[in-house]
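What follows is a single structure, written as structure tokens, with notes after it.
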Amino acid sequence: MTGWLAHLVVVPILLPLVASALMLSMDERRRTAKRVLSLGVSALLVGVAALLLWSVRESGPVAYRIGDWPSPFAITLVADRLSTMMLLLTSILGFTSLFYATARWDRSGPRFHALFLLLLMGINGAFLTGDIFNLFVFFEVLLAASYGLILHGSGTERTSASLHYIAINIAASLLFLVGVALLYSVNGTLNMADLAVSLSSAAEENLALLEAGAAILGVAFLVKAGIWPLCFWLPRTYAAASPPVAAVFAIMTKVGIYIILRLSFLLFGKDSGGAAGFANDALLYAGLATMVFGIVGILAARHLTRIAGHYVLVSSGILLSAIGIGGEALTAALLFYLVSSTLAVSALYLLIEPVERHADEADIIEGISEPVFDDEYVGAIEEEETEEGVVIPGTIAILGGGFIFCALLLAGLPPLSGFIAKFALIDALFRHVTIALSHWALIALIILSGLATTIAMTRAGIDRLWTPGEDSPARLSLVEVTPIGLLLTVCLTLMLAAGPVMDFMQATAGALHDPGSYIEAAGPATEGGGVR
Amino acid sequence: MEVVLSLAIGILTASGLWLLFRPRTFQVILGLSLLSYAVNLFIIAAGRLRTDAPPIVGKGTADPAAYADPVPQALVLTAIVISFATTALLLVVLMASRGLTGTDHVDGEDGEA
């Protein structure tokens with residue numbers, strides 16, 4: 001990358017920051033201007049992320065040193081395949097959720113757009129940064145914005161859920177700091193690439209301290225990723241958040257997953273000497289436990305928001321145990337699953353509110369048509385028999401179609417991208433020469449989670465979309481349908497272009513397993529590696 | 001000095017954790033504050049304890065061994081600011097929760113505790 005393109009790396013952080021600062025100075029009543037600005041910015045972010053992805057695919061990892069300081073001292077941003085892919089995913093979710101929010105949600109409290117853009121800035125920064133302490137700062141930015149967004153719309157449920165959310169995240173941030181301090185005290189550096197280099201030559205007597213530091217650091221990310229037993233806050237918080245906020249929070253657990261993925265391959269990859277493969281077994285078993293908890297939660301849930309929340313846990317569990325097992329093919333499959341499941345969960349969160357709104361309205365309308373005579377109609381079935389045929393109103397058709405689409409994606413049934421992702425995961429597991437018992441457990445749980453999701457979604461679908469009389473068309477605005485459609489279209493594209501996408505994931509997984517080019521670009525003592 | 005510092009960190013952490021697990025929201029906030037003090041001290045300790053060593057190098061070339069490591073001090077400054085801000089936010093949420101639910105129990109409802 002040369003010329004102005006070189007500065008593109010910093011745009012995903014600067015653009016939302018500047019826009020949100022501008023928006024803070026604008027009067028709250030200028031709603032249209034704010035909507036146009038924030039939608040424009042988030043659409044631009046999609047473009048920037050796509051451009052970055054395209055250029056990094058050709059040139060390999062690109063480091064951007066702010067202020068042009070030499071590497072360990074500069075604030076380093078690194079764009080490689082994995083981080084730009086996550087950027088693109090974030091910006092797509094950001095755009096669709098904002099679009100959805102303009103239907104009415106952004107009016108239920110002040111400063112929605114400014115907070116939302118700050119959240120995007122924090123997430124983008126966390127994906128781009130190449131330095132552990134800046135990672136902490138970006139984490140705090142995204143958390144601070146998320147505290148505000150959780151509270152958006154207020155109400156008892158949101159306030160008390162966010163109380164737990166904030167307390168647990170502050171505690172996790174403290175663990176983060178302890179981990180950073182331990183790593184720094186041994187290595188004297190916070191640059192991730194530099195850490196990877198110095199870790200591979202760490203002295204034997206320091207190894208225990210390093211591993212303790214990394215483990216404490218890891219716990220902080222695992223809290224975000226929602227690993228069992230640190231996940232009890234998640235379903236409730238996500239259920240309490242307003243729909244567009246919950247939809248964009250679908251990426252938040254993946255931030256934790258991303259960091260685990262990045263650091264475990266960078267710091268504890270196969271080249272890192274005595275500490276290689278550290279904590280892989282712990283990740284595998286904790287991931288399996290998370291999946292069991294999530295599956296039970298999905299089956300027990302009575303509300304769609306709870307189903308979605310527990311599904312987030314299941315997908316975290318699948319990803320973490322797949323990271324624990326490792327291997328290039330499995331990593332490629334888990335990246336594909338990460339993208340597909342994040343999009344599907346986000347679409348589900350957007351879909352839940354219109355579906356439940358419809359059900360609520362149907363309940364109210366039922367009271368209007370009271371029977372004149374006692375025996376006019378005894379049950380719903382008898383009434384149906386006298387009808388000429390059931391007319392399905394347009395909104396129900398759209399909602400039902402979207403719901404089925406989502407259910408197929410989440411459960412991983414053919415032919416959609418969820419199926420391809422799970423198939424790739426299981427296929428990669430079977431490629432090992434000897435399949436360990438824990439691998440069998442993972443395969444079984446992946447299939448079971450699909451079954452549980454199918455059962456829960458079918459039950460919810462019958463309950464919400466079928467049972468109440470179908471003659472009560474709910475209001476459904478185009479602004480709400482479009483983002484859901486967009487997300488599902490992206491999933492459809494993932495399915496149709498599964499070949500090229502999988503190739504990309506394979507190359508990404510390869511780069512993760514062999515982080516030489518990343519270290520060369522982002523680490524110190526490279527003369528021509530980064531942008532000057 | 002090492003003993004004093006490690007004792008301080010230990011006592012702060014222990015009291016912070018004790019308070020964090022209490023059922024009243026105000027105790028939780030105090031617990032988090034104490035924990036953040038402990039963590040800040042811990043970061044300072046991670047940069048090695050030095051006395052009479054300034055962290056900022058003056059003009060001219062100087063012997064780096066005569067100076068303290070400035071990075072942990074910068075980290076602590078950042079951490080203090082951030083934890084201060086988030087604690088203030090938590091305090092606001094605490095007040096709102098107290099107003100909405102009528103109790104200062106962390107779950108919003110008073111049990112036997």
Side-chain angles (χ1 to χ4, degrees), chain A residues 72-73 75 115 122 131-141 143-148 150-151 154-191 209 213 216 220 232-233 236 240, chain B residues 9 12-13 16-17 19-21 25 27-29 31-49 69-72 74-76 78-109:
Chain A
F73 309 109
I75 292 175
L115 282 172
D131 177 294
I132 294 188
F133 196 73
N134 288 321
L135 181 66
F136 171 73
V137 175
F138 282 121
F139 247 89
E140 289 303 318
V141 170
L143 285 175
S146 78
Y147 301 153
I150 284 272
L151 285 165
S154 194
T156 312
E157 177 61 22
R158 280 189 192 127
T159 312
S160 79
S162 68
L163 191 67
H164 296 184
Y165 176 72
I166 298 175
I168 201 157
N169 275 304
I170 292 180
S173 299
L174 295 175
L175 284 178
F176 195 147
L177 281 174
V178 172
V180 167
L182 276 175
L183 283 184
Y184 182 81
S185 72
V186 180
N187 282 316
T189 178
L190 291 168
N191 183 302
L209 202 55
I216 293 175
F232 303 119
W233 57 275
R236 183 175 177 213
Chain B
I9 295 174
L12 280 173
T13 311
L17 278 178
L19 284 173
L20 189 62
F21 296 136
T25 46
Q27 293 168 321
V28 170
I29 283 207
L32 284 172
S33 309
L34 289 185
L35 278 177
S36 80
Y37 299 149
V39 168
N40 290 337
L41 288 177
F42 185 82
I43 299 176
I44 287 284
R48 309 289 185 273
L49 294 175
D69 190 349
V71 176
L75 300 189
V76 166
T78 320
I80 289 174
V81 173
I82 290 176
S83 72
F84 172 71
T86 44
T87 309
L89 181 75
L90 185 56
L91 201 59
V92 174
V93 177
L94 182 157
M95 297 299 285
S97 169
R98 171 78 178 76
L100 284 168
T101 60
T103 165
D104 65 346
H105 195 276
V106 283
D107 289 333
E109 53 196 37

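Every value quoted in this text rests on a predicted model; they were computed, and no experiment measured them. Every chain is numbered from 1 and lettered A, B, ... according to where its sequence line falls, protein lines coming before strand lines.
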**OP:** Counting only heavy atoms closer than 4.5 Å, note whether B/L75 contacts chain A via side chain, backbone, both or neither.
**Re:** both
Subject >> Interatomic distance, A/F136 atom CZ to B/I82 atom CD1 [nearest 0.5 angstrom] >> reply: 4.5 Å
Original post:
Which one of B/D69, B/T101, B/V28 has the most heavy-atom pairs closer than 4.5 Å to chain A?
Top reply: B/D69
Subject >> Spacing of A/L163 atom CG and B/T25 atom OG1 [to the nearest 0.5 Å] >> reply: 6.5 Å
Original post:
Are any non-hydrogen side-chain atoms of B/F42 and A/L182 less than 4.5 angstrom apart?
Top reply: yes
Subject >> Region of B/S83 in contact with chain A, defined by heavy-atom distances below 4.5 Å >> reply: neither
**OP:** Mind listing the closest non-hydrogen atom pair of A/A181 and B/A46 along with its distance?
**Re:** O-CB, 3.4 Å
**OP:** Using a cut-off of under 4.5 Å on heavy-atom pairs, state which of B/V71, B/N40, B/L94 scores highest against chain A.
**Re:** B/V71
Subject >> Residue among A/T156, A/V186, A/I170 with most heavy-atom pairs under 4.5 Å to chain B >> reply: A/I170
Subject >> Atom CZ of A/F232: over 12 foreign heavy atoms under 6.0 Å >> reply: yes
Original post:
Among B/P72, B/G47, B/A85, which residue forms the greatest number of heavy-atom pairs with chain A at distances under 4.5 Å?
Top reply: B/P72
**OP:** Look up atom OH in A/Y184 and atom CD1 in B/I43, then write down how far apart they are to the nearest 0.5 Å.
**Re:** 11.5 Å
**OP:** For side-chain contact (heavy atoms from CB on, under 4.5 Å), just list the numbers for B/V93 and A/Y147, CA-CA rounded to whole Å, side-chain angles, deciding distance to a tenth of an Å, and then say yes or no.
**Re:** CA-CA 10 Å; B/V93 177; A/Y147 301 153; over 6 Å; no
**OP:** Measure the CG-CG distance between B/L90 and A/N169 for me, rounded to the nearest 0.5 Å.
**Re:** 11.0 Å
Subject >> chain A contact via B/L32 - side chain, backbone, both or neither, heavy atoms under 4.5 Å >> reply: both
Original post:
Which bit of A/L190 comes within less than 4.5 Å of chain B, counting heavy atoms only: side chain, backbone, both or neither?
Top reply: side chain
**OP:** Output the option from A/S160, A/A167, A/A161, A/G155 having the highest count of non-hydrogen pairs under 4.5 Å with chain B.
**Re:** A/A167
**OP:** Would you give the length of the straight line joining atom OG1 of A/T159 to atom CG of B/L100, rounded to the nearest 0.5 angstrom?
**Re:** 4.5 Å
